[in-house]
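Quick notes on the structure that follows.
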Amino acid sequence: MSEIIEKSFAYLDELNDVQRKAVECISGPVMVIAGPGSGKTRVLTYRIAHLINSGVAPWQILSLTFTNKAAREMKERIERVIGQRANKIWAGTFHSLFARILRVEAHRIDYPNDFTIYDADDTKSVIKEILKTMSLDTKVYNPGTIRSRISSAKSNLITPKAYARDEELLQTDKMNRMPLVHQIYEKYVLKCMRAGAMDFDDLLLQMFKLLYQNPDNVKDKYQRQFQHVLVDEFQDTNFLQYAILKQFMDYEGSEKNICIVGDDAQSIYSFRGATIENILQFENDFADVQTFKLEQNYRSQHHIVEAANGIIGYNKKQIDKKIWTDRTGENKIKIIKTVSDSEEGKRVADLIIEQKNRYGLENQQISILYRTNAQSRVFEENLRRYNIPYRIYGGMSFYQRKEIKDLMSYMRLVVNPRDDEAFKRIINYPKRGIGNTTVTKLLQLAEDNQISLWECLPHAQVTARTESLLAGFAKIIAECRVKAKEANAYDTAHYIAKKSGIMTAMKADKSMEGMGRLENINALLDGMQEFVEDDEVEDDNLDNDKSLARYLQNIALITDADDDKGETNVVTLMSVHAAKGLEFKSVFVVGLEENLFPSFMSLSDPNQIDEERRLFYVAITRAEEYLTLSHSNSRYQYGQMRFNDPSRFLEEIPPENVDSIIPIKKESDSPFGTPKILGNFKPLRRAPMPKVNAAGFVANNPKEIKEGMKVMHLKFGEGKVMKIDERQVATIHFKEIYDSPEKRIMLQYAKLQILE
DNA sequence: GGGGGCTATGGGGGG
DNA sequence: CATAGCCCCC
């Protein structure tokens, strides 16, 4: 007996003193301040394992992480220590776990349990709709800005009414020439309610409401269940998230078993409402907090650790701590200066080749980090040229593609017919002759009666023809709903794709893009089949529910970082934000220039500069052994050449940790000659436009253009006329357009020069 | 009502 | 540079 217990506690020996104390201190409020690479994940996983070994049931543990991937990995690690039971832990992001609870409880707060989750695009579209009804100009009332105002109001538990009374908020809106934001906010909330939809903030806000208003004593249920709460990356939680955590803890006789782990120096999400105040407030809100500081960095060599310490010292507000390492190593930080962004791309790619050859690095040990996603292109191009496989995180994800959103909109409407955003998207897709006029009528009717578009369908005042078209659409959705009740997600989706006419429309399109779209649709369906056939009962699917509603819930909160399907040994390209929590043997932080990193948006506000500095701190502490920083004298930004000074952060690095500046090299002297070909990989999604020499271009009379001719187009370059139809529309294959070479050009207006 | 070309405009990080 | 929305013609 004792042997078994001893054996099962063996993991404690893998911890250093502080880590072990943080793991063993299992009751009452605990705060762990964890520097980069200090074994934070290890503490969290072992702490959970230790809780379970100490008699806590896995389902009584709520573990909140930043990404679902982090949660999944943590569960796997715990499973290795305590076995299968680990599955029952409630581990995930705030958003995904609360969505899961709301799926069961939403009816108690006047939402359907099958509520839709609106993404950022849906939200903006709702706001645009409101602006239209209020006759406000979207140039002045920027939907994106309004969205973030509403989001931050929700994140701070400010209701529309409270917003309308808040002098400071009103003042800010006035200064932005948007005095009516509070009205838009109010309408927005009503519209979402009407549509049975929650946006990302609602997943938190409605969860809070559920606990705070406590209908049917539902609060007790969750308070009793979640005996132990753990929160990772606490520095990036917002007021609302913290308010929910306090709700869980707030009852008579509560043991307040809450363990937060974070690092004030790595707080990088204040733009979406995260606040370091939460860390500082924690000790005030909970009595007798036990605090542990993890200060030993196991990840990075000492030059990197010292550089990080050096730069973060420029920030004023900090929790006192000293990050140190006993790792040695001679690699100093390299700084590259280039003349242009394209050269920056080339130099980084050259250095990657060099590191791979000289140090035997694998692709997967290398990462390129940038401040903005828009910077990825030059690196993409150069890696591609050297045949180095890579993967870009962020940017447009699979689920944001048009064809995927179209099919998903059908699914959404089938699950929740009140989903107005889905409705608008597909009412006339595929084309069924229901145009803008009709949709406008429906929108007006919905607005007048405060009901959803779906509910308006039978009552629209339209011509008999349109009426039957609308009825046809309603019939399709109704039939799909019947199917959805009895069939699983995959079968329903198949049925929908067929009934809706999407499949027919897709298959009719034989163009290159069309084929690609069909491929994506099929990929989505394959993914759904996988979802249905996966017989492993995951803990967040205890009932093994394979319905369409369930599938949509799973998919709505997936991000790029969550699924790492396919290629594994690839160079990683991502924003610094996305790199949080990751580590690589070699890291390139690029674009270290004033106006870019730090971002021009932050220059006027010292607090924001501090946040940029923390972001830089996060960036360089991702590196284990090799850290290379680059900046360029000039770069193309928004279509213009810009000239930026080197980032102030470069000067803040202690000189003793920096290698002498590497001089600019000429194109020809790549350190190892011509790079060798290394495996194959997916082609670049978006090829650059060809460069056409405008001088010397003379457009021919369109009447002279005939099939089979070689022509020059000012924008698309050289192409061959494949076909000219009866309406004088030419199908031209442009040889320099890689992703979709076939364009349909109206001859009447086209500027084409005949080449031969 | 539908489609494509053209013009003006904005421009960060993400669940 | 990307793209939303305008505008024009079928």
Side-chain angles (χ1 to χ4, degrees), chain A residues 64-68 92-99 117-120 123-125 128 138-139 142-145 147-148 151 155 198-204 233 236-238 240-241 268-274 341 369-375 377 393-397 400 428-439 465-466 469 556-562 574-580 591 595-603 608 611-612 614-615 618-619 635-642 686 688-689 713-716 726-729 743-751:
Chain A
L64 298 155
T65 46
F66 203 69
T67 62
N68 287 306
T93 61
F94 278 86
H95 290 88
S96 67
L97 293 181
F98 294 166
I117 297 172
Y118 273 175
D119 67 14
T123 295
K124 270 197 224 162
S125 164
K128 277 186 201 163
T138 49
K139 306 260 158 58
N142 179 304
T145 311
R147 173 176 171 260
S148 81
S151 169
S155 306
M198 297 195 197
D199 63 20
F200 290 134
D201 299 307
D202 279 324
L203 296 175
L204 309 175
E233 310 281 10
D236 287 326
T237 55
N238 62 32
L240 172 54
Q241 287 167 317
I268 55 174
Y269 279 97
S270 77
F271 72 91
R272 61 176 214 221
D341 50 351
L369 307 180
Y370 33 76
R371 179 65 182 80
T372 68
N373 284 313
Q375 286 164 258
R377 225 184 75 185
Y393 288 81
M396 179 133 93
S397 89
Q400 288 173 315
N428 199 30
Y429 177 83
K431 302 262 177 291
R432 50 173 71 87
I434 303 172
N436 264 330
T437 321
T438 308
V439 173
R465 193 185 104 87
T466 307
L469 290 171
L557 298 167
I558 278 190
T559 61
D560 225 22
D562 288 328
M574 56 169 68
S575 69
V576 182
H577 281 94
K580 186 167 79 160
N595 298 314
L596 186 59
F597 199 172
S599 156
F600 69 101
M601 308 278 285
S602 67
L603 294 181
Q608 285 196 50
E611 174 144 324
E612 296 281 318
R614 291 193 294 271
L615 191 58
V618 168
R635 69 174 62 240
Y636 271 102
Q637 279 174 293
Y638 318 122
Q640 293 179 51
M641 181 78 87
R642 303 278 176 113
R686 205 185 315 105
M689 279 293 176
H713 184 280
L714 252 188
K715 194 162 157 200
F716 302 133
E726 63 282 359
R727 296 185 316 170
Q728 295 299 297
V729 175
K743 306 273 180 211
R744 289 162 55 77
I745 309 276
M746 292 173 82
L747 285 179
Q748 197 175 342
Y749 308 102
K751 293 185 183 70

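Since the structure is predicted, the reported quantities are computational estimates derived from the model, not experimental observations. Reminder, nothing fancy here: chain letters follow the sequence lines and each chain counts from 1.
- In terms of position along DNA chain B, the nucleotide closest to A/Gly435 lies nearer the 5' end than the nucleotide closest to the other residue of the pair A/Glu611 and A/Gly435.
- Contact annotation: the side chain of A/Leu615 approaches that of A/Arg371 to within less than 4.5 Å [non-hydrogen atoms, C-beta and beyond].
- The side chain of A/Lys139 contributes no N or O atom lying less than 4.0 Å from OP1 or OP2 of B/dG10.
- Between the CE atom of A/Met601 and the P atom of B/dG13 there is a distance of 10 Å, rounded to whole Å.
- Using a 4.0 Å heavy-atom criterion, one finds that A/Ser599 contacts the bases of the nucleic acid, with or without backbone contacts as well.
- When the C1' atom of B/dG15 is taken as reference, atom CG of A/Leu97 falls 13 Å away, rounded to whole Å.
- Checking the phosphate oxygens (OP1, OP2) of B/dG14, a side-chain nitrogen or oxygen of A/Asn373 falls inside 4.0 Å.
- By the 5.5 Å and 30° criteria, A/Phe271 is not stacked with the base of B/dG12.
- Rounded to whole Å, the distance from CD1 on A/Ile268 to C1' on B/dG13 is 8 Å.
- On the C1' atoms, B/dG13 is 23 Å away from C/dA4, given to the nearest whole Å.
- Note on A/Lys580: every side-chain N or O is 4.0 Å or more away from OP1 and OP2 of B/dG13.
- Considering only the side chain of A/Glu612, B/dG12 comes nearest among B/dG1, B/dG12, B/dG2.
- Of the residues near DNA chain B, A/Ser155 and A/Arg465, the one whose nearest nucleotide (by heavy atom distance) lies more toward the 5' end is A/Arg465.
- Below the 3.5 angstrom threshold, one finds a donor paired with an acceptor across the side chain of A/Arg147 and the base of B/dG15.
- Comparing atom distances between the A/Lys128 side chain and each of B/dG2, B/dG15, C/dG5 picks out C/dG5 as nearest.
- Of the side-chain N and O atoms in A/Ser96, none sit less than 4.0 angstrom from OP1 or OP2 of B/dG15.
- Within the 4.0 angstrom heavy-atom criterion, only backbone atoms of the sugar-phosphate kind lie near A/Thr437; the bases stay farther away.
- Remark: C/dT3 base-pairs with B/dA8. Criterion, Watson-Crick or G-U wobble with two distances under 3.5 Å.
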CA sep, side-chain torsions, deciding dist, call: A/Arg147, A/Asp199, salt bridge (charged side-chain N to carboxylate O under 4.0 Å, His left out) = CA-CA 11 Å; A/Arg147 173 176 171 260; A/Asp199 63 20; over 6 Å; no

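- Using a 4.0 Å heavy-atom criterion, one finds that A/Tyr269 contacts the sugar-phosphate atoms exclusively.
- Nearest to the side-chain atoms of A/Thr93 among the listed nucleotides B/dG15, B/dG2, B/dG13 stands B/dG15.
- Listed nucleotides: B/dG1, B/dG14, B/dG12. Nearest to the side chain of A/Arg371: B/dG12.
- Considering only side-chain N and O atoms, A/Arg377 lies under 4.0 angstrom from the phosphate OP1 or OP2 of C/dA2.
- In this structure B/dG3 sits in a base pair with C/dC8, meeting the Watson-Crick or G-U test at under 3.5 Å.
- Using a 4.0 Å heavy-atom criterion, one finds that A/Asn428 contacts the sugar-phosphate atoms exclusively.
- Between A/Ser155 and A/Arg272 the shortest side-chain heavy-atom distance does not fall below 4.5 Å.
- Distances shown here put every side-chain N or O of A/Asn142 at or beyond 4.0 Å from the OP1 or OP2 atom of B/dT9.
- Protein atom NE2 of A/His577 is 13 Å distant from nucleotide atom C1' of B/dG15, rounded to whole Å.
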